[in-house]
Number of protein chains: 2
Amino acid sequence: MNIGKAAQATGVSAKMIRYYEAQGLIRPADRTEGNYRDFSERDLNDLRFIRRARGLGFSIEEISRLLSLWRDDARPSREVKAMAQKHLEDLDARIREMREMADTLRHLAHCCAGDDRPDCPILSDLAGAPTGQEQRAD
Amino acid sequence: MNIGKAAQATGVSAKMIRYYEAQGLIRPADRTEGNYRDFSERDLNDLRFIRRARGLGFSIEEISRLLSLWRDDARPSREVKAMAQKHLEDLDARIREMREMADTLRHLAHCCAGDDRPDCPILSDLAGAPTGQEQRAD
DNA sequence: GCTAAACCTTCCCATCAAGGGAAGGTCAAC
DNA sequence: GTTGACCTTCCCTTGATGGGAAGGTTTAGC
């Protein structure tokens, strides 16, 4: 199966398949006489695994490790769980940060008249005016 | 005030100050005889504005527009509010995505024994096994 | 069996906001 | 007047992804 069909079958773009190969995430695909990549069913399964792991926000490096664990029949599930929990902490931290941004912004936008006049609490906040809502150093 | 002092005074690194200047976000700073950048109080205020706007997640391009509005005494606050709301939508969308990832991952990690045995619902999910929790195409 | 289109290959470039580091010029303290 | 701390510009790297060029291969139509 050539790269275009493999891309269609897995939902991973041809570009990204080549990139994953270059990064050593997947083994180099077989080649046809004409030097076209030739993907096996197993290759497709790896690509689908990668697509799902990307969908959960794992980095290429983390996915590389997850693939090794997946292929290792003697893996301790402890290791997989530890990776998941570490990634979960990262996600939660980033969500928290973004929620703080969003909450601040929501408050400021709510306080802004949004009309023809220039007075704007959003700009006042960015300019450093105290509002009772700015982030304090804890 | 030279770039090091300006960086300290504003919380924006010297690297980033030069970058913002190169990107046209701030006007080119004055120069001393020795070709050092020389920042005025007004420059510092611009840098602080940028730092706060970055803290709310605005992109360089958006900040460029916000700075123009800030400097324009005749701005309609409507424009600022519209920018804030657009950015807020982006933030909320990204938060939603990440929360879906985190929730899925939390469930999978919760279901994983995390011991010496190889059985692992996290890997099973990534490998495509149905779990009742995977994301469906709506 | 030829031709054109569709596909593949590699290689380089861009994104975005930041940092690293080299080579060389300037300034300040002692 | 030397030394060390600072500044300057320039280029490279990050991470995951896409764009596009130049050129080779395969396939479908005739």
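Worth knowing before you read on, the calculation uses all heavy atoms, side chains too, and leaves out hydrogens, waters and symmetry mates. Here is how names work: the chains are called A, B, and so on, in the same order as the sequence lines, proteins then strands, and each is numbered from 1. Predicted model, so just to flag it, every value in this text is computed and none were measured.
Within the structure, salt bridge (Lys or Arg N to Asp or Glu O under 4.0 Å) pairs that include any residue of residues 32-42 of chain A comprise A:E21-A:R37 (at least two apart or interchain). The salt bridge (Lys or Arg N to Asp or Glu O under 4.0 Å) contacts involving residues 57-67 of chain A comprise A:R65-A:E79, where partners must be two or more places apart or lie in separate chains.
In terms of position along DNA chain C, the nucleotide closest to B:I60 lies nearer the 5' end than the nucleotide closest to the other residue of the pair B:T32 and B:I60. When each of A:E61 and B:N35 is assigned the nucleotide of DNA chain D bearing its nearest heavy atom, the one mapping closer to the 5' terminus is B:N35. Closest-nucleotide positions on DNA chain C for B:F58 and B:G34 were compared, and the one nearer the 5' end corresponds to B:F58.
Sorted by residue number, the members of residues 47-54 of chain A with any non-hydrogen atom under 4.0 Å from DNA chain D read A:R54. Applying a 4.0 Å cut-off to non-hydrogen atoms, the residues of residues 3-20 of chain B that approach DNA chain D are B:I3, B:G4, B:K15, B:R18, listed by residue number. Residues of residues 83-95 of chain B having a heavy atom closer than 4.0 Å to DNA chain D: none are found.
Residues A:L25 and A:V80 share a single hydrophobic cluster, defined by chaining ILVMFWY side chains whose heavy atoms lie under 4.5 Å apart.
Looking at A:D92 and A:I95, their side chains come closer than 4.5 Å, going by heavy atoms from C-beta outward. Side-chain contact check for B:D73 versus A:P118: every heavy-atom pair is 4.5 Å or farther apart. When side chains are defined from C-beta on, B:R48 does not count as touching A:L126, because their heavy atoms never get closer than 4.5 Å. Under the 4.5 Å side-chain criterion, counting only non-hydrogen atoms from C-beta, A:R99 is in contact with B:R99.
On the nucleic acid side, DNA chain C has its first and last nucleotide under 4.0 Å of a heavy atom of chain B at C:dA17 to C:dC27, going 5' to 3'.
Scored by the side chain to side chain donor-acceptor pair (under 3.5 Å) test, A:R94 finds no partners at all (sequence neighbours excluded). Legend: residues meeting side chain to side chain donor-acceptor pair (under 3.5 Å) with B:R54, ordered by chain and number and at least two apart, are absent. Residues satisfying the side chain to side chain donor-acceptor pair (under 3.5 Å) criterion with B:R96, sequence neighbours excluded, are absent altogether. Under the ring-ring contact (aromatic ring centres under 6.0 Å, His included) criterion, B:F49 pairs with B:W70, not counting sequence neighbours. Under the ring-ring contact (aromatic ring centres under 6.0 Å, His included) criterion, A:F58 pairs with A:H87, not counting sequence neighbours.
Atom P of nucleotide D:dC6 and atom CZ of B:R31 are separated by 19 Å, given to the nearest angstrom. For A:Q23 and D:dG15, the CD to P distance is 9 Å, given to the nearest whole Å. As a whole-Å value, the separation of A:E62 CD from D:dG15 P is 12 Å.
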Expected list for residues 8-18 of chain A: side-chain donor-acceptor pairs under 3.5 angstrom, two or more places apart:
{"from": "A:T10", "atom 1": "OG1", "to": "A:A6", "atom 2": "O", "distance (Å)": "2.8"}
{"from": "A:T10", "atom 1": "OG1", "to": "A:V12", "atom 2": "N", "distance (Å)": "3.3"}
{"from": "A:S13", "atom 1": "OG", "to": "A:M16", "atom 2": "N", "distance (Å)": "3.1"}

